[in-house]
Amino acid sequence: MDGDKQISVWNRWTATSVGVTAAIFLVAAGLGFVLLPRLEAGEQVAGIWDSICRAAGLPQKGEQPEAVRPDYKTSLVKIATAVPRTRNEEAIGRGATLAQQCAICHGPTGVSRADSPNLAGQYASVIYKQLRDFKDGVRVNAVMSPFAVKLSEQDMQDLAAYYSYLPRLPGFHPPESNPTPRIVASGAPTRGIAPCGSCHGSIENKLGSPWLEGQSELYLKTQLTAFVSGSRQNDINEQMRNVARAMTPEEIDQAAKYYANKPPPYPAGE
């Protein structure tokens, strides 16, 4: 009889224990099934039932938020399929004719003497992307933008085929006079910077990344500075903007000077 009285609902201790347990259960259920799922999902949760379903692993279809869109134009180029993978002799010939208009800035053989980028031997996908971005207004330049607007799709493909066909400038880095800067050889892992050569050649080439050897020092510094300021925004997934903003001014100078180094026009002693 004494045992029956101890577990009776009229027993003060039994009633208190049941009440406390029920309260803990309700609070835990409220936190786990309602409050926390709503905090985690933000505005995506439509109601309490949606919260409970999310907590149970059965998300319901609520109102979908609007996609976040950048406040600037983004490139429409699909870099993996931008240009053909095989050489087209007819396209090279047509590109050579078109390139006569480009010679005043980019040189008659694609090697500039006016601090414009060298195009000789540049990857076809890179040339096409930049022309298309100029045409679409994704990248803006006082000279290139008006020129690119007049180009057809075929013109851009032909120019890319022609310039990629030309021999490119090789790297020239004598250890005694042009040692490799740390930012180029090793990057800065603690700041999320990969070695420059892992995308731009010497170590590996990443699709869409330009060949930098022999480019103008002024041009390279200008582009890196434009990435830092955000005045150039046509890099894929903001990769170069993130890298350039993590670089110090000294590292920008070192990288530009390293890649701009060219072999002398004649062997020493002649």
Quiz item: Under 4.5 Å between side-chain heavy atoms, hopping through other hydrophobics if needed: is there a path connecting Val77 to Val138?
Solution: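 Val77 does not cluster with Val138.
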Other residues, nucleotides, ligands: >12 heavy atoms within 6.0 Å of [X] [atom1]:
| X | atom1 | answer |
| --- | --- | --- |
| Ile104 | CD1 | no |
| Tyr165 | OH | no |
| Arg245 | CZ | yes |

Distance in Å, [X] [atom1] paired with [Y] [atom2], rounded so as to fall on 0.5 Å steps:
| X | Y | atom1 | atom2 | answer |
| --- | --- | --- | --- | --- |
| Tyr162 | Thr97 | OH | OG1 | 9.0 Å |
| Leu218 | Thr225 | CG | OG1 | 9.5 Å |
| Gln223 | Ser231 | CD | OG | 8.0 Å |
| Thr21 | Leu26 | OG1 | CG | 11.0 Å |
| Leu76 | Asn234 | CG | CG | 11.5 Å |
| Asp158 | Asn88 | CG | CG | 7.5 Å |

Practice problem: Provide the closest heavy-atom pair for Ala124 versus Ala160 in the form atom of the first, atom of the second, distance. | Solution: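 For Ala124 and Ala160, the tightest heavy-atom pair comes out as O-CB, 3.4 Å.
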Extract all donor-acceptor atom pairs below 3.5 Å that involve side chains of residues 184-191 and protein atoms in other chains or at least two apart in sequence.
residue, atom, partner, partner atom, Å
Arg191, NH1, Ala246, O, 2.8
Arg191, NH1, Glu251, OE1, 3.0
Arg191, NH2, Glu251, OE2, 2.7

Self-check item: Side-chain donor-acceptor contact under 3.5 Å, Glu213 with Asn118
Solution: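 Judged by distance alone, the side chains do not pair up.
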Quiz item: Cut-off 3.5 Å, side chains only: do Gln157 and Glu153 have a donor facing an acceptor?
Solution: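 Per modelled atom types, Gln157 and Glu153 side chains form a pair under 3.5 Å.
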Quiz item: Taking only residues two or more places apart in sequence, or in another chain, which ones meet Ser75 in a side chain to side chain donor-acceptor pair (under 3.5 Å)?
Solution: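 Ser75 satisfies side chain to side chain donor-acceptor pair (under 3.5 Å) with Asp133 once adjacent residues are dropped.
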Quiz item: Looking at side-chain heavy atoms only, is the closest gap between Asp136 and Lys73 below 4.5 Å?
Solution: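 Asp136 vs Lys73: side chains apart.
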